[in-house]
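See below for the structure under consideration.
Here is the naming used below: chain letters follow the sequence lines, and residue numbers restart at 1 for every chain. Basis for what follows: all heavy atoms, side chains included, without hydrogens, waters or symmetry-related copies. Here the structure is a predicted model, which is why all the values come from computation and not from measurement.
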Amino acid sequence: MDIQFYNTLTRKKEKLNPIKPGEVSIYTCGPTVYNRSHIGNFRTFIFEDILKRVLLLVGYKVNHVMNITDIDDKTIKKANEENKKLKEITSKYTSEFIEDMNTLKILPANKYPAATDHIQEMIAMTTTLIEKGNAYVTDDGSVYFSINSFENYGKLAKLDMSSQKQTDRVASDEYTKDNIQDFVLWKSWKKEDGDISWNSPWGKGRPGWHLECSVMSTQYLSDHFDIHCGGVDNIFPHHENEIAQSCAALETDFVNIWMHSEHLNMADEKMSKSLGNIKTIPELLNDGYSPESLRYALISSQYRSKLSFSINKLEDAKKAVHRINDVFEKLNERSIESDSLPEEYNKFIESLSDDLNTPKALGILFNYLRKVNRKISKNELSKSEATMGLNFIKQADKIFALLVDKVIIPESISKLIVLREKARKEKQWELSDSLRDKIKEKGWIIEDTHDGYKCLPI
RNA sequence: GGCGUCGUACCCAAGUGGUCCAAGGGAGCAGUUUGCAAAACUGUCAUUCAUCGGUUCGAAUCCGAUCGACGCCUCCA
């Protein structure tokens, strides 16, 4: 089956045609580890997770690399603020990042290279760019990429550099550059960098931000690979600069498909650390939302449209997740051994193959679930139909990962449940209802079914 | 100022020329079921797709204008 994705470079949907048949190489821009990532960051990581899961499900091998930015202005600033070693800061936030990724059931990358482990390679690429005439050294020992030396500069972001407004930030930032829009490859050491520096042919300093991705993506995936992802805010300048560096230094096609996810907004504004309107994964879990609810909320709109994050959305997500799990359990009790799938499954895969249309795929799944529920309530569902349904949900879950692990009911709750069951048998309805309220106060919901009770966390 | 995305029911959200007098989820309302609930099921819930014009046999979908929201233009997922 054909898979197509929207390519930012051409602004069109394009058929995926892997460079190496049967295998897709993906580079995704990872976190800058100076702070806990927020749910907005994870929208992108979950979009990339869906991308990868779809490719795996249809049979591709996936080679996925995600960088960890552990050296830049922000990491240094944070280390200074907290009076700690850079490494202490970056390893703390790296492990928190991995923890949150696991919580959200995001499949791990094959490799997580860190920028500080690739300083020599970055120096080498910078040297190449100077030799080729694409970069120049300034008096203070910094190195800049000359955007005029690269013909296609601005192609990804569709920017005509000569017509760009110069913001105050740009104007005040650098004064030694030939062209105010040139970007830095190597930053010379400054007092506030403290003991953080590496030796280079141009003196003490550290790499510029964009360089690490050019170096590490091509090192681990080859000069030319299939897909490069990130959030839309990476289109310019980050990815534009990556293209300039990589293509100029390596004379390569670099990336076939650029994919970017839209922002997650909080009350109509982009969620970002600098605006201070962020929510982290532990905060949301603490508010009572499961990882599955968070995943659902993030995939319930297509990755290229803006997503407004809200409590309302999480509440909707919680119920939708419950619905899927509920049917799954019912089918699980009725199924037999078989790997048959309903015809809806093809439509499901088609939707995902069309630029990861997760809302449409969810719609197909829910339509099917309703069909199954209807038959169950009429007692008309055959074992083979139940099995088909179960298989469909299982396959769908390879993409969505919304099935909840069997919950462990704490002893304090199960004691109350036993008391309530006893009261119910004796038809002491007042007592059983008050026990149900008590259990609810403790955060658990009791549902009575024909085959006994079900107990779920709220 | 330049570039770009978007506006679909009470909320979220697919659909981008006919199969749509517009999927799906949530909320609401009415009913079935239940000791009561919950869950589940049934019915109901947009003659209409920001507005106004145009193209077309046919438009939510294409074109133009207007209004509104948001993003990027060297911190950013």
Centroid-centroid distance, A:Tyr136 to A:Phe145, less than 6.0 Å: no
Span that lies between the P atom of B:rC63 and that of B:rG7, in whole angstrom: 14 Å
For atom CG of A:Asp437 and atom P of B:rA38, their distance in whole Å: 13 Å
Phosphate contact (B:rG24 OP1 or OP2) by A:Thr358 side-chain N/O below 4.0 Å: no
Sugar-phosphate, base or nothing in reach of A:Ser377, heavy atoms under 4.0 Å: sugar-phosphate
Touch class at under 4.0 angstrom, heavy-atom based, for A:Gly40 against every strand present: base
A:Asp316 (side chain) and B:rG25 (base): donor-acceptor pair under 3.5 Å: yes
Nearest-Å distance for atom pair CG/C1', residues A:Leu264 and B:rA77: 10 Å
Quiz item: cation-pi between A:Arg304 and A:Tyr6, 6.0 Å / 45°: yes
4.5 Å side-chain heavy-atom contact, A:Val255 and A:Phe225: yes
Separation of atom CH2 in A:Trp429 from atom C1' in B:rA38, rounded to whole Å: 15 Å
Touch class at under 4.0 angstrom, heavy-atom based, for A:Arg436 against every strand present: base
d(CZ, A:Arg11; P, B:rU5) in whole Å: 7 Å
Donor on one side chain, acceptor on other, A:Ser149 and A:Asn134, under 3.5 Å: yes
B:rG24 to B:rC45 separation - C1' atoms, rounded to the nearest Å: 15 Å
Sugar-phosphate, base or nothing in reach of A:Lys378, heavy atoms under 4.0 Å: nothing
Atom C1', compared across B:rA22 and B:rA46: separation rounded to whole Å: 8 Å
Whole-angstrom distance between B:rU8 and B:rA60, as gauged at atom P: 15 Å
Rounded distance in Å between the P positions of B:rU56 and B:rC67: 27 Å
Sugar-phosphate only, base, or nothing, as touched by A:Leu365 at under 4.0 Å among non-hydrogen atoms: nothing
Euclidean distance, atom CG of residue A:Asp233 to atom P of B:rU5 [Å, nearest integer]: 17 Å
Side-chain N,O (A:Asn373) to OP1/OP2 (B:rA39) below 4.0 Å: no
Sugar-phosphate, base or nothing in reach of A:Ser305, heavy atoms under 4.0 Å: sugar-phosphate
OP1 or OP2 of B:rA13 under 4.0 Å from side-chain N/O of A:Lys313: yes
Nearest listed nucleotide, side chain of A:Asn265, among B:rG25, B:rA14, B:rC70: B:rC70
Distance, P atom - from B:rC62 to B:rC6, rounded to whole angstrom: 10 Å
Whole angstrom value for the distance that separates P of B:rC72 from CD of A:Glu240: 16 Å
Sugar-phosphate, base or nothing in reach of A:Arg36, heavy atoms under 4.0 Å: nothing
Polar side chain donor-acceptor pair, A:Ser305 to A:Gln302, under 3.5 angstrom: no
Sugar-phosphate only, base, or nothing, as touched by A:Lys427 at under 4.0 Å among non-hydrogen atoms: nothing
Sugar-phosphate, base or nothing in reach of A:His238, heavy atoms under 4.0 Å: nothing
Touch class at under 4.0 angstrom, heavy-atom based, for A:Gln302 against every strand present: sugar-phosphate
Sugar-phosphate, base or nothing in reach of A:Ser300, heavy atoms under 4.0 Å: sugar-phosphate
Residues A:Lys330 and A:Asn373: side-chain donor-acceptor under 3.5 angstrom: yes
The single option from A:Asn152, A:Asn234, A:Leu156, A:Ile147 passing side-chain contact (heavy atoms from CB on, under 4.5 Å) against A:Glu240: A:Leu156
Nearest-Å distance for atom pair CG/P, residues A:Asp160 and B:rG2: 12 Å
Sugar-phosphate only, base, or nothing, as touched by A:Asp72 at under 4.0 Å among non-hydrogen atoms: nothing
Touch class at under 4.0 angstrom, heavy-atom based, for A:Ile364 against every strand present: nothing
Side-chain donor/acceptor of A:Asp433 to base of B:rG35, under 3.5 Å: yes
Nearest-angstrom distance from the residue atom CG of A:Asn312 to P of B:rA13: 11 Å
N/O (side chain, A:Arg323) to phosphate O (OP1/OP2, B:rG26) under 4.0 Å: yes
A:Lys319 side-chain N/O to B:rA27 phosphate OP1/OP2 under 4.0 Å: yes
Distance-only donor-acceptor check, side chains A:Asp355 and A:Gln4, under 3.5 Å: no
Touch class at under 4.0 angstrom, heavy-atom based, for A:Phe366 against every strand present: sugar-phosphate
B:rC72 to B:rG54 separation - P atoms, rounded to the nearest Å: 38 Å
Spacing of the P atoms in B:rU5 and B:rA23 (rounded, Å): 28 Å
Assigned partner base of B:rA40, Watson-Crick or wobble definition, under 3.5 Å: B:rU32
